[in-house]
Amino acid sequence: MQKSKNEIDFFEMVYQVVRLIPKGRVTSYGAIAQYLGTARSARMVGWAMNAAHNKKPKVPAHRVVNRIGMLSGKNHFETPFKMQELLEKEGIKISKDQIKNFKKHFWNPTIELAL
DNA sequence: CGATTGACGTACG
DNA sequence: TCGTACGCCAATC
């Protein structure tokens with residue numbers, strides 16, 4: 001069904017934000033949710049990611065983790081190691097599925113895209 | 001239509 | 001500091 005083109009699907013908005021994440025940076029589901037105005041629905045961001053597998057260009061979902069920087073969604077990738085591998089390739093160190101200096105690599109769309 | 005689930009987050013003990 | 005409980009909201013069973 002056709003609806004107003006002015007309004008973009010929630011999922012697509014998530015994908016756009018994720019694609020805007022600079023290389024070597026990461027963000028959290030909550031941060032994206034907050035940027036979209038659905039701060040209380042961080043889970044919806046996760047749901048959007050679940051559908052991101054078929055999206056093109058491919059969504060760098062590996063740059064999106066939970067608030068503590070843990071690769072909670074690695075299990076949803078092609079291989080659980082793919083996510084960590086990609087992040088390490090971008091210069092991010094990971095230990096026990098947890099990003100080191102996560103706060104340092106954190107990229108907040110609400111701040112970066114607000115300007 | 002009701003109950004369960006989920007790539008989360010915050011609050012509480 | 002760590003573990004558990006609860007809330008949110010949409011999709012799925």
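Throughout, protein chains are lettered first and strands after them, A, B, ... in sequence-line order, and every chain is numbered starting at 1.
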Would you mind telling me which of [options] lies closest to the side-chain atoms of [X]?
X: Arg67(A); options: dA7(B), dC9(C), dT10(B); result: dT10(B)
X: Ser72(A); options: dA7(B), dC9(C), dG9(B); result: dA7(B)
X: Arg40(A); options: dC8(C), dG9(B), dA7(B); result: dC8(C)
X: Met44(A); options: dG6(B), dC8(C), dG9(B); result: dG6(B)

Classify the nucleic acid contact of [X] as base, sugar-phosphate or nothing, counting any heavy atom under 4.0 Å across all strands shown.
X: Thr38(A); result: nothing
X: His53(A); result: base
X: Phe77(A); result: base
X: Ala61(A); result: base

Can you check whether [X] reaches [Y] side chain to side chain, under 4.5 Å on heavy atoms?
X: Val26(A); Y: Ile21(A); result: no
X: Pro22(A); Y: Arg25(A); result: yes
X: Glu85(A); Y: His62(A); result: no

What is the distance, to the nearest angstrom, from the [atom1] atom on [X] to the [atom2] atom on [N]?
X: Ile68(A); N: dG9(B); atom1: CD1; atom2: P; result: 8 Å
X: Asn66(A); N: dA7(B); atom1: CG; atom2: P; result: 11 Å
X: Asp97(A); N: dA7(B); atom1: CG; atom2: C1'; result: 13 Å
X: Ile32(A); N: dA7(B); atom1: CD1; atom2: C1'; result: 11 Å
X: Gln34(A); N: dT10(B); atom1: CD; atom2: C1'; result: 13 Å
X: Tyr29(A); N: dG7(C); atom1: OH; atom2: P; result: 24 Å
X: Met83(A); N: dA7(B); atom1: CE; atom2: P; result: 12 Å
X: Met49(A); N: dA7(B); atom1: CE; atom2: P; result: 13 Å

Any carboxylate oxygen within less than 4.0 angstrom of a Lys/Arg side-chain nitrogen, looking at Arg63(A) and Glu90(A)? yes
SB check Glu12(A) Lys56(A) (cutoff 4.0 Å): no
